[in-house]
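Just so it is clear, the model here is predicted, and its values are computed rather than measured.
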Amino acid sequence: YILESTRTIYGIRHRNGAIRRVNVNIAATTVENYRRLADAGIGTYILFQETYHSENYRRLHPYGPKSDYSWHTEAMDRAMEGGIDDVGIGVLFGLSNYLYDFTGLMMHAEHLEAACGVGPHTISVPRICPADDIAPAAFAAALPDALFRKNVADIRNAEPNPGVNNSPREAPAMRREVLRLGISQISGGSNTSVGGYDDSDHGEEDTAQFDVSDRRTLDQVVAWLLDLGYVPSFCTACYRL
């Protein structure tokens, strides 16, 4: 299904334009399947560790294929072995002590550089936020705003080359602050509900992965970035705004 979808997307033509890059975010899989994704010409393969604290990871993933901590953690090594040299990593800050996960994230990037010859293309820094039946206050390790800003700056200082991503989990005011601290890639017009990008009116669905705090359209986000003095780019070769 993923391969068929990739072929369909790459086959779209509109006037003189085409979709040049399909990034794939799927669960950890085999070297052979990663090789098939590489042969299909995907761009970045993205998979978040969520937390590097193995005990917390297993507690939060008690069953199913994702419950195997080692299989999940070593996915990027298998992706590289399968020919994908462009990967995106990240954790969900708040599931474990942020210093522990920060260290794990940096060590993962260092490992990929040493073992595979190339580090991550992107690093994502989401933090636990409100969702259906989830309140950040229930997580003892949830990051307050000040620590979140510090975390972004520390990641950028430790890893100057990868793109650092920020999602619409954060409100516009916070997104503005972290842009100056090291965020280089942000999204706009996002919908986290199942089937959220079709033409029907879903309203407030309980299938959303998390509550979106920045509900601006893509055009509004681009105009906002320009007003702030940034030069937004959709170029797939660019790391920074």
Side-chain angles (χ1 to χ4, degrees), residues 23 25-28 34 44-62 65-81 84-129 131 134 136-167 169-170 174-175 177-186 209-210 239-240:
N23 297 337
N25 182 351
I26 60 171
Y34 286 127
T44 306
Y45 171 64
I46 303 161
L47 183 66
F48 295 170
Q49 181 62 28
E50 298 184 20
T51 178
Y52 287 94
H53 192 288
S54 59
E55 182 179 339
N56 285 353
Y57 181 94
R58 294 185 180 100
R59 179 173 58 84
L60 293 164
H61 304 89
K66 198 173 179 179
S67 62
D68 189 330
Y69 175 84
S70 296
W71 178 255
H72 188 88
T73 307
E74 296 165 4
M76 294 309 182
D77 293 77
R78 295 194 302 278
M80 295 279 192
E81 185 180 344
I84 299 174
D85 61 358
D86 193 320
V87 300
I89 63 176
V91 296
L92 180 56
F93 285 100
L95 299 182
S96 301
N97 179 281
Y98 87 97
L99 291 174
Y100 190 98
D101 274 338
F102 167 82
T103 303
L105 193 62
M106 296 300 96
M107 290 181 69
H108 198 172
E110 183 180 57
H111 162 75
L112 292 175
E113 182 76 39
C116 306
V118 58
H121 183 110
T122 60
I123 297 175
S124 296
V125 292
R127 59 172 169 167
I128 200 77
C129 70
I134 293 177
F139 291 80
L143 263 67
D145 288 350
L147 277 183
F148 180 67
R149 290 191 294 266
K150 178 181 184 298
N151 206 39
V152 170
D154 288 343
I155 288 172
R156 172 51 74 202
N157 284 331
E159 288 289 338
N161 294 317
V164 181
N165 293 351
N166 177 249
S167 80
R169 292 170 181 265
E170 303 297 335
M174 178 55 74
R175 300 186 96 183
E177 290 188 52
V178 294
L179 277 169
R180 66 181 179 83
L181 295 173
I183 292 296
S184 57
Q185 296 180 351
I186 67 172
Q209 182 184 12
F210 54 82
Y239 289 138
R240 301 179 182 276

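Between Tyr34 and Tyr45, the ring planes are perpendicular. Angles over 60° get that label, and only those under 30° would be called parallel. In this structure, Tyr69 and Tyr57 have perpendicular ring planes: the angle between them is above 60°, well past the 30° mark.
Separation of atoms CZ (Phe139) and OG (Ser96) is listed at 10.5 Å; rounding is to 0.5 Å. Atom CD1 of Ile183 sits about 7.0 Å away from atom CG of Asn165, to the nearest 0.5 Å. Going from atom NE2 of His108 over to atom OH of Tyr52 covers 5.0 Å, rounded to the nearest 0.5 Å. In this structure, the separation between CD on Glu81 and SG on Cys116 is 9.0 Å, given to the nearest 0.5 Å. To the nearest 0.5 Å, atom CG of residue Leu60 and atom CD of residue Glu55 are 10.5 Å apart. Taking NE2 of His111 as the reference point, atom CD1 of Ile89 lies at 10.5 Å (rounded to 0.5 Å).
Across every non-hydrogen atom of Glu177 and Arg180, the tightest pair is O-CG, 2.9 Å. A pairwise comparison of heavy atoms in Arg127 and Arg169 identifies O-NH1, 3.3 Å as the closest pair. Heavy-atom minimum distance, Tyr98 versus Leu147: OH-CD2, 3.3 Å. The nearest pair of heavy atoms linking Asn25 to Ile46 is OD1-O, 3.0 Å. Nearest heavy atoms, Ala75 versus Ala28: CB-CB, 3.7 Å. Pairing each heavy atom of Ala109 with each of Glu159, the nearest pair is CB-OE2, 3.6 Å.
Contact annotation: the side chain of Val178 never approaches that of Val164 to less than 4.5 Å [non-hydrogen atoms, C-beta and beyond]. The shortest distance between side-chain heavy atoms of Leu181 and Arg156 does not fall below 4.5 Å. Between Val87 and Met80 the shortest side-chain heavy-atom distance falls below 4.5 Å. In this structure the side chain of Ile155 reaches within 4.5 angstrom of the side chain of Met106, judged on heavy atoms. Between Leu92 and Ile128 the shortest side-chain heavy-atom distance falls below 4.5 Å. Side-chain contact between Met76 and Leu47: present, with at least one pair of heavy atoms (C-beta onward) separated by less than 4.5 Å. Contact of the Thr122 side chain with the Gln185 side chain is registered, since non-hydrogen atoms from C-beta on lie closer than 4.5 Å. The side-chain heavy atoms of His53 and Asn97, taken from C-beta on, include no pair separated by under 4.5 Å.
Among Leu105, Leu95, Val91, the single residue meeting the side-chain contact (heavy atoms from CB on, under 4.5 Å) criterion with Gln49 is Val91. With respect to Asp101, the side chain to side chain donor-acceptor pair (under 3.5 Å) criterion is satisfied by exactly one of Asn56, Thr51, Asn151: Thr51. A salt bridge (charged side-chain N to carboxylate O under 4.0 Å, His left out) with Glu50 is found for one member of Arg59, Arg58, Lys66 and no other, namely Lys66.
Counting non-hydrogen atoms of other residues, nucleotides and ligands closer than 6.0 Å to CD of Glu110 gives a total of 12 or fewer.
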Checking Met174 against Asp145 for the side chain to side chain contact (heavy atoms under 4.5 Å, CB included) test, could you report, in this order, the C-alpha distance in whole Å, the side-chain angles of both residues, the deciding distance, and whether it holds?
CA-CA 8 Å; Met174 178 55 74; Asp145 288 350; 3.5 Å; yes
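The main-chain N or O of Asp85 is never found under 3.5 Å from a side-chain atom of His121 such that the two would form a donor-acceptor pair. Between the side chain of Asn166 and the backbone N or O of Ile186 there is no donor-acceptor pair closer than 3.5 Å.
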